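Each chain gets a letter, A, B and so on, in the order the sequences are listed, and its residues count up from 1. What you see is a predicted model; the values in this text were computed from it and never measured.
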Number of protein chains: 2
Amino acid sequence: MSNPSAATPQPLTPDEESLVRALGQVMHVLPRAIDADMVGDRQLPLTEYTALMNLSETPDRRMRMNELAALCHLSLSGMTRTIIRLETQGLVRRERCEEDARGSNAVLTDAGFARLQESWPSHLAAVRRRFLQHFEGFDLAQLARAFQRAGTAETTD
Amino acid sequence: MSNPSAATPQPLTPDEESLVRALGQVMHVLPRAIDADMVGDRQLPLTEYTALMNLSETPDRRMRMNELAALCHLSLSGMTRTIIRLETQGLVRRERCEEDARGSNAVLTDAGFARLQESWPSHLAAVRRRFLQHFEGFDLAQLARAFQRAGTAETTD
DNA sequence: AGCCGCTGCTTGATTGGTCAAGCAAATATC
DNA sequence: GATATTTGCTTGACCAATCAAGCAGCGGCT
């Protein structure tokens with residue numbers, strides 16, 4: 001091991017190590033657990049839920065695909081497919097954009113809104129019970145800021 | 001909407017809200033970012049890296065499939081496939097288990113160990129830079145415990 | 001010994017995502 | 001105002017994961 005550029009990085013401290021491992025576990029377990037809670041209770045996979053939720057938060061319940069994709073942390077094509085899935089369930093409709101005819105708006109239908117209303121409480125409960133619950137004594141705002149920093153990916157820099 | 005158990009949940013506080021959103025972002029961005037760092041530097045996707053790493057930490061560099069799968073947060077079939085991938089690259093070998101002939105051991109080859117040695121520094125650097133870096137003032141041990149609790153999925157309870 | 005159910009892993013089918021290529025509308029350039 | 005470039009989204013091909021079904025070896029029971 002005499003490669004100079006790769007040489008002698010200090011290993012993680014035990015605390016760092018266990019934090020990293022625990023995060024790995026959480027990243028894996030949490031989405032499934034929340035999904036499972038919702039599916040059990042009121043069928044709606046997390047990705048689709050997120051899409052509906054973001055739509056519902058706009059004033060007129062519609063959004064351009066690219067914007068929605070960004071909010072859902074999805075590629076544009078992933079978003080297209082999610083919307084198609086939702087469309088076949090009648091929860092969303094697509095409309096050609098008026099001021100720019102190559103654009104589409106995903107529009108939350110009444111059925112979609114109703115569906116979201118139904119799912120919302122169980123999603124909320126799942127998030128509390130699976131996640132927030134375990135961070136009771138913490139300074140959530142500070143924690144949120146740290147995660148925001150970590151979640152802002154610099155390309156490679 | 002008259003299901004009593006789902007009635008009138010309190011919405012999240014703004015801090016809770018932003019923590020949840022930020023975590024969502026991190027869960028999405030971090031693995032890709034780390035993957036990208038490693039791929040760019042020393043090609044080895046995260047899942048495969050994790051498998052090699054876990055193998056390397058055993059005394060004789062071998063482990064039963066089920067145990068390895070658990071450590072990698074992977075289903076047994078997912079593990080089989082990952083090992084197959086690694087096997088075709090010569091980084092791992094499979095041996096039938098001596099004391100129980102239906103079992104397999106995944107065994108880290110010398111090539112695999114060397115590969116891991118090569119990738120290790122860039123993986124470590126990525127973890128530090130992408131994640132740990134942002135938690136400098138924090139009590140990591142306390143944080144780790146909270147994540148451990150959150151990562152321990154009660155089936156539905 | 002001989003069957004039966006259990007265990008450990010693999011395999012087939014499906015799912016939900018990615019990237020790359022395609023297409024149509026918009027915009028810039030000449 | 002025609003042509004070239006860019007933009008917004010969709011589509012095709014692929015990939016890594018999942019679940020469910022399969023199969024081989026193990027072990028208990030009679």
Side-chain angles (χ1 to χ4, degrees), chain A residues 24-25 27-36 38-40 43-52 62-89 92-107 153 155, chain B residues 24 27-36 38-40 43-51 62-89 92-107 153 155:
Chain A
Q25 176 121 328
M27 292 198 313
H28 188 261
V29 160
L30 235 174
R32 287 171 167 66
I34 291 179
D35 243 36
M38 302 224 320
V39 164
Q43 189 83 257
L44 232 199
L46 194 47
T47 307
E48 304 181 9
Y49 177 86
T50 308
L52 296 188
R62 84 187 46 223
M63 204 184 289
R64 294 288 291 268
M65 294 298 285
N66 56 20
E67 191 182 354
L68 187 55
L71 288 175
C72 295
H73 313 302
L74 225 53
S75 71
L76 204 36
S77 63
M79 196 70 246
T80 295
R81 283 167 169 143
T82 302
I83 289 296
I84 289 174
R85 251 174 281 143
L86 287 169
E87 208 170 21
T88 65
Q89 302 174 67
V92 153
R93 172 170 30 93
R94 261 181 303 183
E95 290 180 354
R96 216 132 196 81
C97 183
E98 305 244 310
E99 70 267 21
D100 180 347
R102 60 216 148 138
S104 283
N105 279 302
V107 189
T155 324
Chain B
M27 293 198 313
H28 188 262
V29 159
L30 235 172
R32 287 170 169 66
I34 291 180
D35 243 36
M38 302 224 321
V39 165
Q43 189 83 256
L44 233 197
L46 194 47
T47 306
E48 303 181 9
Y49 177 87
T50 307
R62 84 188 47 223
M63 205 183 290
R64 293 289 291 269
M65 294 298 286
N66 55 20
E67 191 182 354
L68 188 54
L71 289 175
C72 296
H73 312 301
L74 226 53
S75 71
L76 205 36
S77 64
M79 196 71 246
T80 294
R81 278 156 177 151
T82 303
I83 289 298
I84 288 174
R85 242 144 40 217
L86 287 168
E87 209 170 19
T88 65
Q89 302 175 67
V92 153
R93 171 170 31 93
R94 260 182 303 183
E95 290 179 355
R96 215 125 199 86
C97 183
E98 305 244 311
E99 69 267 20
D100 181 347
R102 28 195 185 159
S104 283
N105 280 301
V107 188
T155 323

Identify, with sequence neighbours excluded, every residue that meets salt bridge (charged side-chain N to carboxylate O under 4.0 Å, His left out) alongside B:R85. B:E48
Among residues at least two apart in sequence or on other chains, which ones pass side-chain hydrogen bond (donor to acceptor under 3.5 Å, both in side chains) with A:R64? none
Taken in chain and number order and not counting sequence neighbours, the residues that satisfy salt bridge (charged side-chain N to carboxylate O under 4.0 Å, His left out) with B:R32 are none
Mind checking what makes side-chain hydrogen bond (donor to acceptor under 3.5 Å, both in side chains) contact with A:E95, not counting sequence neighbours? A:R62, A:R93
N/O (side chain, A:S75) to phosphate O (OP1/OP2, C:dG17) under 4.0 Å: no
Chain A on DNA chain D: first and last contacting nucleotide, 5' to 3', under 4.0 Å to a heavy atom? D:dT7 to D:dT18
So, using salt bridge (charged side-chain N to carboxylate O under 4.0 Å, His left out) as the criterion, who are the partners of B:R81 when residues are at least two apart? none
So does B:S77 reach the base of C:dC9 with its side chain, donor to acceptor, closer than 3.5 Å? no
Not counting sequence neighbours, which residues clear side-chain hydrogen bond (donor to acceptor under 3.5 Å, both in side chains) with A:N66? List them please. none
Using a 3.5 Å cut-off and no angle test, enumerate the donor-acceptor pairs between side-chain atoms of residues 67-80 of chain A and protein atoms at least two apart in sequence or in another chain.
from  : atom 1 : to    : atom 2 : distance (Å)
A:H73 : ND1    : B:Q25 : OE1    : 3.3
A:S75 : OG     : A:S77 : OG     : 3.3
A:S75 : OG     : A:G78 : N      : 3.0
A:T80 : OG1    : A:L76 : O      : 3.2

Name every residue in residues 78-87 of chain A that has at least one heavy atom under 4.0 Å from any atom of DNA chain C, in order of residue number, or write none if there are no such residues. A:G78, A:R81, A:T82, A:R85
Which ones in residues 62-71 of chain B lie close to DNA chain D, meaning a heavy atom under 4.0 Å from one of its atoms? none
